[in-house]
Structure formats: C-alpha cells, structure tokens
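Quick notes on the structure that follows.
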Amino acid sequence: MVTNAPAGRAPQDDRRLPLRERKKLRTRRALVDAALELFTDRGFDETTIEDLVDEVEISRRTFFRYFPSKEAVATAAEADLWDAYIAEFARTDLHGTVLGALRSALIAAILGMDDGWDDRIVRTRMLISHVPVPLRDASTLLSINAQERLVAELETKLGVDGRQDIRLRLLGEFAFGAYRCGAKNWAAGRGEGGGRGRWGRNVLARRVDEAFDAIPASLAMTV
C-alpha cells in the first residue's frame, strides 16, 4: 500500500527552476486556479476568456501563450500529471517487469506533484462531472495523447516498434486503465472516511496501486 513518496523523491520544488521559469509557472498556476474558481462559481459556458484574463490581470495574448482554449485550462491539472508521468518514466531504468516500471513511475508522478495540485485535480474532476461536454472529451483526448507518448517512450527504451509488437500498446492500455479505475474509486471516496484528506494524492496513489494489483486477477477471471 502506498502511504508516502518513494525514498529520494519529494514534491516538485519550483526553487530549482530559473527565475524566468518560476514566474511563468506562477502565472500559469494563477490562471488555472482562477479559471477553476470562475468555472465552478459562474459555470463553464458562462465564463469567458475575457473574464479569466481580467481576473489574473493578463492579456488575451498572454492567455494563449499558456493555453489554446478554455477546455485546456480547465483540464490543466490532468495535463500536468501526464507530463510528470512521461518525464518520470523517461528517467526510469527498467528492471524486472515493464508494467512494474510503468506502475512505479505513475505512483511517483502522483506523489511528486506540487502542493497545490491536490486541490486543482479535485476541482477539475468535479468540473468534468458537471460539464461532461466538452470537458470529458478534452480529458479523454489528453489521456489518449499521453498514452501515445508513453508508448513512444517504451519504443525508445526497448528498441521495439509498437506497430509490430502489440504488447507495447497493451502495456499503455493497462497503465492508463489502472489510473482511470483507481481515479474513479478515489473520486467516489470508496474505502475512506470523511474529511478533506480523502481527496489527497496519497489516497489517489493507493487507489491506483490497488488497480494495478487487480490486473492479474482480472485477466485470469473466468465465468
């Protein structure tokens, strides 16, 4: 069971970034936080890009430097996780099973997100549940694109063409399927008591870990 970040890993530390990059990251996060707040209070369709840029006091041009659309800013927390996951797996030395490495990298990515990510991902998931069109489509497309990137990374690491070896694409399906199943149980608060702690990244990581655990038994299931 996952309860803490892996040894040697810590939540993302922005202080290691150059000042220019830290400023850009702060602006991006402020934009995401403002967007999620306005989308929740006023409604996604009712909130305009003008509302967002006024709230953060930036120009439309600056907005479009960070995000191509309202959908993109609404699902930024998910995009951030997928970027972190791909980067974590790219750094991973493969030992043992490949699925085990994919699992470890995903758990490390979840636990290593910045301090404000927990709140952003909860708000994002709630928003998607209330505005399934177009946000669910945007979320699905994000995960599909990330899965393709993961398979490409697998191809590089293993020196195998995923178009010729279906196992690579199946591994991508297993990894992202485990996340989706675990995240659904996390969002439903299954197995947790009340309080805000049930929405934290540690609980999400446990639910995803449990989903990976269930893969062998699922494949062996008969009727």
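Being a predicted model, the structure only gives us computed values, none of them experimental.
- The number of heavy atoms from other shown groups lying within 6.0 Å of CD (E57) does not exceed 12.
- Salt-bridge annotation for D213 and R103: present, with a side-chain N of the basic residue lying under 4.0 Å from a carboxylate O of the acidic one.
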(message) Does R207 form a side-chain contact (heavy atoms from CB on, under 4.5 Å) with K184? I'd like the steps, not just the answer.
(response) CA-CA 9 Å; R207 294 293 166 259; K184 284 182 180 178; over 6 Å; no
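- Heavy-atom minimum distance, L168 versus V151: O-CG2, 3.9 Å.
- When side chains are defined from C-beta on, L102 counts as touching Y85, because their heavy atoms get closer than 4.5 Å.
- Using cut-offs of 30° and 60° for the angle between ring planes, the Y179 and W82 rings count as perpendicular.
- The hydrophobic cluster containing L142 does not contain V73, counting ILVMFWY residues as joined when their side-chain heavy atoms lie under 4.5 angstrom apart, directly or transitively.
- Taking the side chain as every heavy atom from C-beta outward, C181 and E210 never approach each other to under 4.5 Å.
- Under the 4.5 Å side-chain heavy-atom criterion for Ile, Leu, Val, Met, Phe, Trp and Tyr, V131 and L141 are members of distinct hydrophobic clusters.
- Within a 6.0 Å radius of CZ in R167, other residues, nucleotides and ligands contribute 12 heavy atoms or fewer.
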(request) Kindly indicate, with the supporting measurements, whether the criterion side-chain hydrogen bond (donor to acceptor under 3.5 Å, both in side chains) is fulfilled by D137 and T140. (result) CA-CA 5 Å; D137 291 342; T140 299; 5.4 Å; no
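- By the 4.5 Å heavy-atom criterion applied to side chains, L36 and D119 are not counted as neighbours.
- Linking ILVMFWY side-chain heavy atoms closer than 4.5 Å, directly or via other members, places L170 and L219 in a single hydrophobic cluster.
- Taking the charged nitrogens against the carboxylate oxygens, D114 and R120 do have a contact shorter than 4.0 Å, which makes a salt bridge.
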(message) Run F89 and K157 through side-chain contact (heavy atoms from CB on, under 4.5 Å) and show every step you take.
(response) CA-CA 10 Å; F89 184 68; K157 282 183 174 292; 3.7 Å; yes
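- Residues I128 and I110 fall into different hydrophobic clusters, defined by Ile, Leu, Val, Met, Phe, Trp and Tyr side chains chained together at heavy-atom separations under 4.5 Å.
- The pair R149-D83 meets the salt-bridge criterion, since a charged nitrogen lies less than 4.0 angstrom from a carboxylate oxygen.
- Taking the side chain as every heavy atom from C-beta outward, L25 and E21 never approach each other to under 4.5 Å.
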(request) Before giving the answer on side-chain contact (heavy atoms from CB on, under 4.5 Å), spell out for R206 and W186 the whole-Å C-alpha distance, their side-chain angles and the decisive distance to 0.1 Å. (result) CA-CA 9 Å; R206 285 202 298 273; W186 167 74; over 6 Å; no
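- Annotation for I166: atom CD1 does not count as buried by contact number, only 12 or fewer foreign heavy atoms lying within 6.0 Å.
- Residues T62 and V56 fail the side-chain proximity criterion, which asks for heavy atoms closer than 4.5 Å.
- Looking at E71 and R136, no side-chain N of the basic residue comes within less than 4.0 Å of a carboxylate O on the acidic one, giving no salt bridge.
- Looking only at side-chain heavy atoms (C-beta outward), L52 and F67 stay at 4.5 Å or farther from each other.
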